[in-house]
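One structure is given below, encoded as structure tokens.
So you know, we letter chains A, B, ... as the sequences are listed, proteins then strands, and number each from 1. Any value given below was found using the heavy atoms of this structure, including those in side chains, with hydrogens, waters and symmetry copies removed. This structure is a prediction, so every number in the text was calculated from the model and none was measured.
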Amino acid sequence: MMPGRPLACIVGPTASGKSAVAEQVALLISGEIVSIDAMQIYRSMDIGTAKVPPEQRLRPLHMVDVCAVDENYSVERFQAEARACIDALLAQGIPPVLCGGTGLYLNAVIDEMDFPSGYRGDERRARYEELARTEGAAYLHGELARRDPASAEAIHPNNVRRTIRALEMCDEGASYAASLTSLHRRAPHYPARIFGLDVPRDLLYRRIDRRVDEMFDAGLVGEVEQLASRGLSARTTAGQAIGYKEILKALSGAMTMDEARAAIKTNTRRYAKRQLSWFRHDERVTWIDMGDASVRSAAQRIAQEVEHAAL
RNA sequence: GGCUGGGUAGCUCAGUUGGUAGAGCAGGGGACUGAAAAUCCCUGUGUCGGGGGUUCGACUCCCUCCCCAGCCA
């Protein structure tokens with residue numbers, strides 16, 4: 001890690017203009033952008049993840065296109081790879097500009113968080129999933145309560161996914177509850193200045209609607225069809241991305257393409273809401289109201305604050 | 001102009017023999033350590049179209065006006 005200058009981090013809900021601001025910031029401080037996005041990770045998921053096309057990039061963009069769609073990525077892997085990428089930039093004296101909307105990934109990189117490494121048994125997970133199906137969520141949660149009461153306490157019985165993860169951790173001799181460290185007690189891995197782009201809700205939603213329509217115009221359906229032939233499906237992590245899962249469903253005949261389009265819009269709105277609730281609880285975030293700040297002025301302010309903090 | 005249906009939460013609609021309303025969707029809030037664009041939790045007060053009347057009390061009955069749809073002229 002580089003003493004002095006903190007990492008510039010640009011976060012916010014989808015469609016708030018993060019990419020544009022990050023590019024301007026990178027331009028101003030001669031930095032390079034490190035994407036913090038769980039779906040832009042995947043190769044060829046371009047239109048639906050609103051990835052900045054290579055020919056339009058003003059500065060190099062990292063941590064994008066590093067995984068195939070039929071492969072499942074993970075936070076643990078992101079933490080290691082993004083940190084390696086950041087360290088390499090710092091070693092060259094290039095300031096990284098982190099930009100993205102995946103809260104967990106951001107924290108995994110800039111904060112001290114341990115994702116105990118070890119073998120992740122897919123067949124064991126399948127067994128737990130089967131148990132949840134046959135015996136019910138309550139049974140599985142009861143099992144967790146028996147083996148690790150503290151974790152069961154921390155996880156709602158309906159949250160099958162977390163319950164399974166906690167059981168897996170038991171199997172590995174770890175504890176979900178014990179690994180949880182509240183945000184304010186976590187030590188930073190990198191000094192960072194986090195900026196959140198805030199857009200008035202109604203404006204944000206109008207932008208989301210417009211952007212979804214633009215994605216369709218740009219050929220999103222064709223992109224999904226192509227990826228489906230390369231292994232993208234509802235069972236893969238990439239196939240759960242908004243924009244992709246709905247179109248996969250429409251392609252299979254489960255809904256019309258118009259219904260898929262509408263579903264993408266509402267799912268994106270909800271996603272934006274979840275992103276806001278994640279970033280709002282982080283007191284380090286400095287919010288910039290994009291309702292009255294231009295991309296340029298926001299970028300100038302960020303660049304200035306990051307450079308000023310270097311003193 | 002006449003007849004018939006309708007006008008109840010942002011939308012689609014319920015509403016029992018008159019006791020000032022409730023569902024779905026949308027929306028809002030929140031949680032979050034190996035799938036995170038995922039997963040999960042919490043959340044329903046609105047001039048019951050306007051005005052008048054009957055009544056202890058009207059979304060519910062009566063009158064009148066306005067608006068929408070369909071049919072007839």
Side-chain angles (χ1 to χ4, degrees), chain A residues 13-15 35-42 45 48-51 67 69 71-81 100-122 124-126 128-129 132 137 141 151 153-169 171-172 174-183 185-186 189 201-202 204-205 208-209 211-212 215 233-248 259 262-282:
Chain A
T14 185
S35 166
I36 307 290
D37 188 301
M39 292 301 164
Q40 292 195 6
I41 281 293
Y42 296 102
M45 286 180 54
T49 64
K51 212 178 274 171
C67 184
V69 290
E71 205 184 325
N72 295 331
Y73 206 74
S74 68
V75 212
E76 176 199 20
R77 207 175 135 187
F78 185 79
Q79 182 182 55
E81 294 175 10
T102 306
L104 179 63
Y105 279 23
L106 200 237
N107 290 117
V109 170
I110 68 171
D111 297 333
E112 223 45 271
M113 287 177 81
D114 283 331
F115 297 97
S117 60
Y119 176 64
R120 180 156 47 118
D122 287 335
R124 181 176 58 196
R125 176 165 294 183
Y128 281 130
E129 282 169 348
H141 194 263
S151 293
E153 186 67 30
I155 299 170
H156 188 98
N158 289 350
N159 203 338
V160 174
R161 202 144 160 154
R162 290 252 168 86
T163 303
I164 290 176
R165 172 87 273 261
L167 284 166
E168 289 173 344
M169 290 179 79
D171 294 338
E172 290 162 11
S175 163
Y176 176 89
S179 71
L180 292 173
T181 331
S182 62
L183 191 60
R185 292 186 49 217
R186 266 177 229 154
H189 182 79
R201 198 61 68 92
D202 54 331
L204 183 69
Y205 284 4
I208 286 172
D209 288 350
R211 189 154 89 164
V212 171
M215 285 176 177
S233 82
R235 287 189 306 282
T236 57
T237 299
Q240 289 173 20
I242 297 167
Y244 295 83
K245 62 176 167 211
E246 298 86 351
I247 289 178
L248 282 172
E259 286 170 338
I264 291 168
K265 288 176 181 174
T266 87
N267 288 337
T268 304
R269 272 184 235 127
R270 289 174 169 168
Y271 171 48
K273 220 156 58 88
R274 272 177 270 134
Q275 288 176 300
L276 282 167
S277 109
W278 181 287
F279 294 121
R280 271 193 297 229
H281 83 167
D282 191 335

CE (A:Met215) and CZ (A:Arg211) are apart, to the nearest 0.5 Å, by 4.5 Å
To the nearest angstrom, the NZ-C1' distance between A:Lys273 and B:G28 comes to 6 Å
Check every strand shown and say whether A:Asn107 touches a base, only sugar-phosphate, or nothing at a heavy-atom separation below 4.0 Å. nothing
Look at the rings of A:Tyr105 and A:Phe78 and say which category their plane angle falls in: under 30° parallel, 30 to 60° tilted, over 60° perpendicular. parallel
Please determine if a side-chain N or O atom of A:Arg201 lies less than 4.0 Å away from the OP1 or OP2 oxygen of B:G28. yes
Base, sugar-phosphate, or nothing: which does A:Asp37 touch, judged by heavy atoms less than 4.0 Å apart? base
Ion pair check, A:Glu168 and A:Arg124, cut-off under 4.0 Å: no
Sorted by chain and residue number, the side-chain contact (heavy atoms from CB on, under 4.5 Å) partners of A:Arg280 (sequence neighbours excluded) come out as A:Arg201, A:Leu276, A:Ser277, A:Trp287
Selected nucleotide, minimal atom distance to A:Asn159 side chain, candidates B:A37, B:C32, B:C40: B:C40
With a 4.0 Å cut-off on heavy atoms, is A:Gly48 in touch with a base, just the backbone sugar-phosphate, or nothing at all? base
Between B:A36 and A:Arg274, is there an OP1 or OP2 to side-chain N/O distance shorter than 4.0 Å? no
On RNA chain B, compare the nucleotides closest to A:Ala154 and A:Thr237; which residue's is nearer the 5' end? A:Ala154
Report the distance from atom OG1 of A:Thr14 to atom CD of A:Gln275, rounding to the nearest 0.5 Å. 6.0 Å
Listed nucleotide nearest any side-chain atom of A:Arg165, set B:A37, B:A35, B:A36: B:A35
Counting the atoms with a prime plus P, OP1 and OP2 as sugar-phosphate, which does A:Lys245 contact under 4.0 Å by heavy atoms, base, sugar-phosphate, or nothing? sugar-phosphate
Heavy atoms only: give me the nearest A:Arg165-A:Arg125 pair and the separation to one decimal. NE-NH2, 4.1 Å
Atom CG of A:Asn267 and atom P of B:G27: how far apart are they, to the nearest Å? 9 Å
Between A:Gln240 and A:Glu112, whichever has its closest RNA chain B nucleotide further toward 5' is A:Glu112
Between B:G7 and B:C62 - P atom distance, rounded Å: 15 Å
With P as the reference atom in both, quote the distance from B:U12 to B:A69 in angstrom, rounded to an integer. 14 Å
Is the shortest side-chain N to carboxylate O distance from A:Arg77 to A:Glu71 below 4.0 Å? yes
Calculate the interatomic distance between A:Arg270 atom CZ and B:U43 atom P; express it in whole Å. 16 Å
Applying the Watson-Crick and G-U wobble criteria at under 3.5 Å, what pairs with B:G22? Answer none if nothing qualifies. B:C13
Distance between the P atoms of B:U43 and B:C48, in whole angstroms? 26 Å
Hey, is the side chain of A:Tyr271 poking within less than 4.0 Å of OP1 or OP2 on B:U39, counting only N and O atoms? no
With hydrogens left out and only the distance checked, is there a donor-acceptor pair under 3.5 Å joining A:Arg162's side chain and the base of B:A38? yes
Under 4.0 angstrom between A:Asn158 side-chain N/O and B:C41 OP1 or OP2: yes
Complement of B:G70, any strand, by Watson-Crick or G-U distances under 3.5 angstrom: B:C3
Categorize A:Thr268 for me: base, sugar-phosphate, or nothing, with a 4.0 angstrom heavy-atom threshold over every strand shown. nothing
Over all strands shown, is A:Phe78 touching base, sugar-phosphate only, or nothing at heavy-atom distances under 4.0 angstrom? nothing
Give me the distance, rounded to whole Å, that separates B:G27 from B:G10 when you measure between the C1' atoms they each carry. 8 Å
Presence of A:Tyr244 side-chain N/O under 4.0 Å of B:A37 phosphate oxygens OP1/OP2: no
Nearest-angstrom distance from the residue atom CE of A:Met169 to P of B:A35: 11 Å
On the nucleotide B:A31, are OP1 or OP2 found under 4.0 Å from the side-chain N or O atoms that A:His156 carries? no
Would you indicate what A:Arg77 reaches in the nucleic acid, counting non-hydrogen atoms under 4.0 angstrom: base, sugar-phosphate, or nothing? nothing
Any side-chain donor-acceptor pair under 3.5 Å between A:Tyr128 and A:Asp171? yes
Contact under 4.0 Å: A:Thr102 side-chain N or O vs B:A37 OP1/OP2: yes
Consider the side chain of A:Leu104, meaning its heavy atoms from C-beta on, and name the nucleotide among B:U39, B:G28, B:A36 that approaches it most closely. B:A36
Atom pair distance, as rounded to whole Å: CD1 in A:Ile208 and P in B:A26: 15 Å
Whole-angstrom distance between B:U17 and B:U55, as gauged at atom P: 23 Å
Are any of A:Arg280's side-chain N or O atoms less than 4.0 Å away from OP1 or OP2 of B:G29? yes
Have a look at A:Glu129 and say if it touches a base, only the backbone sugar-phosphate, or nothing, with a 4.0 Å heavy-atom cut-off. base
